[in-house]
Amino acid sequence: MAGLTGRGRTAPRSASSAQPIPLRLKLAEAARQFRALWRSRSPFAARAWPGLDRDLAEYRALARRHAGIALEDAAILEIGCGQRPYRLCHLLAHGLDARGIDMDRVVFRLGLRELRRSLRTNGAERTLKTALRYVLFDIAENRRFRRALSAIQGRPFDWPRGRIATGDAAQADAWPDRALDFIYSEDVFEHVPAAALPALCRCIAAHLSPQGIAVIRPMVFTGIMGGHNVEYYDLDPKTRRTCPPWDHLRGHRFPANTCLNRLSLAEYRALFAAHFEILDERVRAPDLGRAFMTPALRTELGNWSDEELFSNHVRFVLRRKACA
């Protein structure tokens, strides 16, 4: 794993991010994803990335408050940077010492060599989705994004191939041979198999420096967005939908084509408390989804508390325990 670990090895792939659901459901979800992507990432649409500035400001504040360091002085790692590692690239453009790891091989430029590598690492379904998204959306968006990063950096920005490793972060040999001051992960932990989460937490705790912190923000399964149905990425009540709200807690007739461990907010708390000191917990958008809740639906979902149903993105700030 050149550039990330001193061992020069990649961790083996342990699970697929795609779900074994019927082909008709895969195709239906793919159509919904295409419509959502076309609305948000059309090659003809102007695009800004305000969320990246928001996250950077948040990370700076958390590092100062809980670790007592400036982010510029921190060794940083992103767990699950994804096929569009824009957050990581944004940190690098600001001159920060950041690296990333992802289960899938990140494809920056589509070619025969990259396709072959992706097929070996990511599998046929993931590679096909990556290739289609790259041609239809990523070429134009990446060009605009690199221009924006070049303006921030003051010189042409190059994709950080040597700073992103392909591997399983739940395995110790996928990690760098150095202490880390700031580890973050956004919308990733919900995709990690539940059985692998304790090992992942142990790896994080083992690699945090004494003052270091981890900022983990999973999408909690019990929230209205927790089923990862693309129709609920836009929560405008006027938008027409096929999938009923909280379908993943009810009939689950519209499963997402992605691995979900189905952890509740309470289960994340218990997981993190077993391995870390929880310094802070905060919901990004409290009450998200309340506009969709009816008295009848609330009765049907009576096994779940309001806190579970209306918490979606929940940020945990963690420090390793003194005895870890």
Side-chain angles (χ1 to χ4, degrees), residues 12-42 79-86 101-107 110 114-115 117-138 141 166 168-170 185-197 200 217-235 239-264 288-289 292 312-313:
R13 185 175 181 84
S14 63
S16 172
S17 55
Q19 280 286 81
I21 61 176
L23 179 60
R24 62 179 179 82
L25 295 181
K26 286 180 182 285
L27 293 176
E29 192 202 24
R32 292 193 294 269
Q33 288 179 335
F34 177 82
R35 289 194 295 268
L37 283 169
W38 191 260
R39 288 194 297 268
S40 63
R41 296 177 56 201
S42 165
I79 298 174
C81 54
Q83 285 297 325
R84 298 167 62 242
Y86 285 2
I101 184 170
D102 196 86
M103 183 75 78
D104 287 333
R105 182 180 181 85
V106 178
V107 178
L110 200 63
E114 281 297 320
L115 280 174
R117 290 174 176 172
S118 179
L119 279 169
R120 287 196 301 267
T121 306
N122 304 354
E125 183 177 336
R126 291 290 298 172
T127 298
L128 177 60
K129 290 173 67 174
T130 296
L132 289 174
R133 188 181 61 238
Y134 182 89
V135 171
L136 294 173
F137 302 104
D138 291 354
E141 186 173 36
T166 304
D168 184 350
S185 187
E186 304 274 359
D187 292 325
V188 170
F189 267 55
E190 66 269 24
H191 300 295
V192 179
L197 284 171
L200 176 54
R217 189 166 7 228
M219 177 84 77
V220 176
F221 184 73
T222 51
I224 193 169
M225 300 173 69
H228 281 64
N229 188 290
V230 296
E231 292 187 350
Y232 286 91
Y233 291 174
D234 170 15
L235 287 176
T239 301
R240 295 184 62 183
R241 294 174 175 84
T242 303
C243 178
W246 286 279
D247 169 70
H248 53 292
L249 301 182
R250 301 162 70 193
H252 207 194
R253 294 186 296 115
F254 299 88
N257 186 25
T258 186
C259 171
L260 294 172
N261 58 37
R262 303 173 69 93
L263 262 63
S264 67
L288 202 64
F292 295 86
N312 289 271
H313 291 96

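When reading the values below, keep in mind they use all heavy atoms of this one structure, side chains included, and skip hydrogens, waters and symmetry mates.
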> Taking side chain to side chain donor-acceptor pair (under 3.5 Å) as the definition, give me every residue that meets it alongside Glu190, ordered by chain and number, with sequence neighbours left out.
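Glu190 satisfies side chain to side chain donor-acceptor pair (under 3.5 Å) with His228 only.
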
> Does a side-chain heavy-atom distance below 4.5 Å link Phe254 with Pro244?
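Yes - at least one pair of side-chain heavy atoms lies under 4.5 Å apart.
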
> Taking all heavy atoms of Ile79 and all of Leu200, pick out the closest pair and write down the distance.
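Shortest heavy-atom contact: CD1-CD1, 4.3 Å.
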
> Is the side chain of Tyr232 donor-acceptor paired with the backbone N or O of Cys243 at a distance under 3.5 Å, no angle test?
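It does hold such a pair.
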
> CZ of Arg217 to NE2 of His313: how many Å apart, nearest 0.5 Å?
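One finds 8.0 Å between CZ of Arg217 and NE2 of His313.
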
> Could you go through the side chain to side chain contact (heavy atoms under 4.5 Å, CB included) check for Met103 and Thr166 one step at a time?
CA-CA 6 Å; Met103 183 75 78; Thr166 304; over 6 Å; no

> Does any N or O in the side chain of Glu231 come within less than 3.5 Å of the main-chain N or O of Arg241, such that one atom is a donor and the other an acceptor?
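No, the answer is negative, given that no donor and acceptor are paired below the 3.5 Å cut-off.
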
> Output, in order, the C-alpha distance, side-chain angles, deciding distance and verdict of side chain to side chain contact (heavy atoms under 4.5 Å, CB included) for Ile224 and Leu235.
CA-CA 9 Å; Ile224 193 169; Leu235 287 176; 4.2 Å; yes

> Ignoring hydrogens and angles, tell me if any N or O in the side chain of Asp187 forms a donor-acceptor pair with the backbone of Pro218 under 3.5 Å.
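Such a contact is absent between Asp187 side chain and Pro218 backbone.
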
> Considering all heavy atoms of both residues, which atom of Ala196 and which atom of Val192 are nearest to each other, and what is their separation?
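Minimum heavy-atom separation between Ala196 and Val192: CB-CG1, 3.9 Å.
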
> For Thr258, does its backbone N or O pair with a side-chain atom of His191 as donor and acceptor, under 3.5 Å?
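Not at all, since once roles are kept as given, no pair shorter than 3.5 Å links the two residues.
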
> Looking only at heavy atoms, what is the nearest atom pair of His248 and His252, with distance?
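Where His248 meets His252 most closely, the heavy atoms are CA-CD2, 3.6 Å.
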
> Over all heavy atoms of both residues, which pair between Val106 and Cys81 is shortest? Give the atoms and the distance, please.
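In terms of heavy atoms, the two residues are closest at CG2-SG, 4.3 Å.
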
> Among all residues two or more places apart in sequence or in another chain, which pass the side chain to side chain contact (heavy atoms under 4.5 Å, CB included) test with Ala194?
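Residues passing side chain to side chain contact (heavy atoms under 4.5 Å, CB included) with Ala194: Asn261, Leu263.
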
> Is there a donor-acceptor pair closer than 3.5 Å between any side-chain N or O of Asp102 and the backbone N or O of Gln83?
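Not a single qualifying donor-acceptor pair exists.
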
> When you measure from the side chain of Trp246 to the backbone of Gly227, do you find a donor-acceptor pair of N or O atoms at a distance under 3.5 Å?
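Here the side-chain-to-backbone pair does not exist.
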
> Could you work out, with side chain to side chain donor-acceptor pair (under 3.5 Å) as the rule, every residue matching Ser264, not counting sequence neighbours?
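Side chain to side chain donor-acceptor pair (under 3.5 Å) list for Ser264, sorted by chain: Glu267.
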
> Taking salt bridge (Lys or Arg N to Asp or Glu O under 4.0 Å) as the definition, give me every residue that meets it alongside Arg250, ordered by chain and number, with sequence neighbours left out.
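Per chain and number, Arg250 pairs via salt bridge (Lys or Arg N to Asp or Glu O under 4.0 Å) with Glu300.
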
